[in-house]
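See structure below.
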2 protein chains.
Amino acid sequence: MMSVATDRAWAEHALEVLHGAGYRRGGARTAVVEALSRHDCAVSALELDDELRQRKAGVGRASIYRSLEQLEELGVLKRLEVSRGMASYERIVQSGHHHHHAICRSCGRLEPFEDPGLERAIARVAGRVSVDVAEHEVVLRGLCERCTR
Amino acid sequence: MMSVATDRAWAEHALEVLHGAGYRRGGARTAVVEALSRHDCAVSALELDDELRQRKAGVGRASIYRSLEQLEELGVLKRLEVSRGMASYERIVQSGHHHHHAICRSCGRLEPFEDPGLERAIARVAGRVSVDVAEHEVVLRGLCERCTR
DNA sequence: ATGACTGCAAAGCCTTTGCACGCAA
DNA sequence: TTGCGTGCAAAGGCTTTGCAGTCAT
């Protein structure tokens, strides 16, 4: 399972899609896309806010939420409901490759995993429901090794 | 797939577990358990609140949240993060039988489904992660038939 | 009688919205 | 120049907490 420090390809793709949708290349949106491109796994809006503030990007919290919403709507970002009352976001890579998450119910740590068999099972089920399935998410919950002891 | 109007067995089990954990048989908790036992699928705290208010149960919103938290902790209730910023709760039946959800991203309608193959795939994956998996959830998102047209 | 349980109201937290200014096109 | 984009502050919505009265044991 490869992982890149910064997914420049995704960032460029995202900016292109934004532009194609008629959005202008504002500083805030670009900063949000760039911040997201540095994360392989789920990040929350507040984490991005912290990050951008540390980099003194001068991006308002509202702009972060607005950008995330647009990116999600355009299908380049996936919104996840994983932690208690807080959404997380994750890049959607063009290759179609993606992972799911095991979450420690004690410390909240996220462990990503991927499994072709699981994906096949989901694809089969998706064909049987009346919803036209566009995406899915699987979450495993329990205690991580550290919290078990 | 059978479905009962009111899962009295679950309700009694839940009350018993509560009692066993040292909780007293207060009116609010009993009302919440009874309300939950009438739902086969995910309900939000606010929906339960509406329901109980209509029945003039005189149960405060805070008590509903407190009861839900206790029931979840005792393992008789499952908390789901399905809709935007709002949690839902679902009974955990002793038979181990359970379903997952397909959600319309437009109208929010939930369609439950179950699939043994999917469960097997999840069981396999659960053995490979470092988290000691106690439960899991699968969510399919897309547009329902009504919202597609 | 004692301490858990509860309702009410207030506070918290994440997220969204309103608004005036600034900037991309 | 036009009106989209943005930051700030205020408002929203769900959830949690504080507190004093009530009730189970």
Side-chain angles (χ1 to χ4, degrees), chain A residues 14-36 42-74 77 79-89 108, chain B residues 14-36 42-74 77-89 105 108:
Chain A
L15 290 172
E16 209 166 293
V17 171
L18 280 170
H19 188 233
Y23 290 112
R24 293 181 180 178
R25 301 184 190 280
R29 258 195 304 255
T30 305
V32 170
V33 168
E34 209 230 307
L36 282 166
V43 221
S44 70
L46 264 36
E47 286 170 333
L48 289 175
D49 187 40
D50 284 350
E51 229 172 80
L52 290 171
R53 196 175 310 147
Q54 274 177 29
R55 297 193 173 220
K56 305 197 191 327
V59 175
R61 184 167 295 183
S63 296
I64 295 176
Y65 281 104
R66 281 189 281 240
S67 300
L68 292 173
E69 188 183 348
Q70 294 156 358
L71 290 165
E72 187 200 358
E73 203 155 334
L74 292 172
L77 198 63
R79 179 198 174 90
L80 300 166
E81 306 274 349
V82 287
S83 60
R84 192 126 180 156
M86 196 162 66
S88 289
Y89 298 84
Chain B
L15 290 173
E16 209 165 294
V17 170
L18 280 170
H19 189 233
Y23 289 112
R24 294 181 178 177
R25 302 184 191 282
R29 257 197 302 260
T30 305
V32 170
V33 167
E34 209 231 307
L36 282 165
V43 221
S44 70
L46 264 36
E47 286 169 333
L48 290 174
D49 187 40
D50 284 350
E51 228 171 80
L52 290 172
R53 194 175 310 147
Q54 275 178 31
R55 297 193 173 218
K56 304 196 191 330
V59 175
R61 186 168 294 183
S63 295
I64 296 176
Y65 280 104
R66 281 189 281 241
S67 300
L68 292 173
E69 187 183 348
Q70 294 157 359
L71 290 166
E72 187 201 356
E73 203 154 333
L74 292 172
L77 197 62
K78 186 172 164 185
R79 179 198 174 90
L80 300 168
E81 305 274 348
V82 289
S83 61
R84 193 123 179 158
M86 196 162 67
S88 287
Y89 298 84
R105 59 156 57 134

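Every chain is numbered from 1, with letters handed out A, B, ... down the list of sequences.
- If B:G85 and A:A57 are placed on DNA chain D by their nearest nucleotide, the residue sitting closer to the 5' end is A:A57.
- For the pair B:E69 CD and C:dT6 P, the computed distance is 13 Å after rounding to whole Å.
- Considering only side-chain N and O atoms, B:R66 lies nowhere under 4.0 angstrom from the phosphate OP1 or OP2 of C:dT6.
- By the salt bridge (Lys or Arg N to Asp or Glu O under 4.0 Å) test, A:E69 is found to be paired with no residue, residues two or more places apart in sequence or in another chain being considered.
- The two residues B:E47 and B:A42 come nearest to each other via the heavy atoms OE1-O, 4.3 Å.
- Going from atom CD of B:E72 over to atom C1' of D:dT16 covers 14 Å, rounded to whole Å.
- A:L80 places its CG atom 18 Å from the P atom of C:dC14, with the value rounded to the nearest Å.
- Atom CE of A:M86 sits about 12.0 Å away from atom CG of A:L80, to the nearest 0.5 Å.
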Write down the protein N/O and nucleotide N/O pairs, taken from nucleotides 20-24 of chain C, whose separation is under 3.5 Å; answer none if there are no such pairs.
| unit_1 | atom_1 | unit_2 | atom_2 | d |
| --- | --- | --- | --- | --- |
| C:dA24 | N3 | A:R24 | NH1 | 3.1 |

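- Contact between the side-chain N/O atoms of B:Y65 and the OP1/OP2 oxygens of D:dT15 is found at a separation under 4.0 Å.
- In this model, the phosphate group of D:dT16 is approached by a side-chain N or O of A:R84 to a distance below 4.0 Å at OP1 or OP2.
- The two residues B:L52 and B:A31 have their closest heavy-atom pair at CD2-O, 3.9 Å.
- In this structure, the side chains of A:L68 and A:L36 come closer than 4.5 Å at one or more pairs of heavy atoms.
- Summarising the geometry, the separation between NE2 on B:H19 and P on D:dA24 is reported as 13 Å, rounded to the nearest angstrom.
- Between B:D49 atom CG and D:dG13 atom P the separation is 15 Å, expressed in whole Å.
- OP1 or OP2 of C:dC5 has at least one side-chain nitrogen or oxygen of B:R29 nearer than 4.0 Å.
- Side-chain atoms of B:L74 and B:Y23, non-hydrogen and from C-beta on, do get closer than 4.5 Å to each other.
- Whole-Å rounding puts the B:L48 CG to D:dT15 C1' distance at 14 Å.
- Distances from the side chain of A:A62 to the nucleotides D:dA9, D:dT15, C:dC14 place D:dA9 closest.
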Could you go step by step and tell me if A:R53 and A:R61 meet the side-chain contact (heavy atoms from CB on, under 4.5 Å) rule?
-> CA-CA 10 Å; A:R53 196 175 310 147; A:R61 184 167 295 183; 3.3 Å; yes

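- The separation between B:I64 atom CD1 and D:dT17 atom C1' is 16 Å, rounded to whole Å.
- In this structure, A:L52 atom CG and D:dG7 atom C1' are separated by 13 Å, rounded to whole Å.
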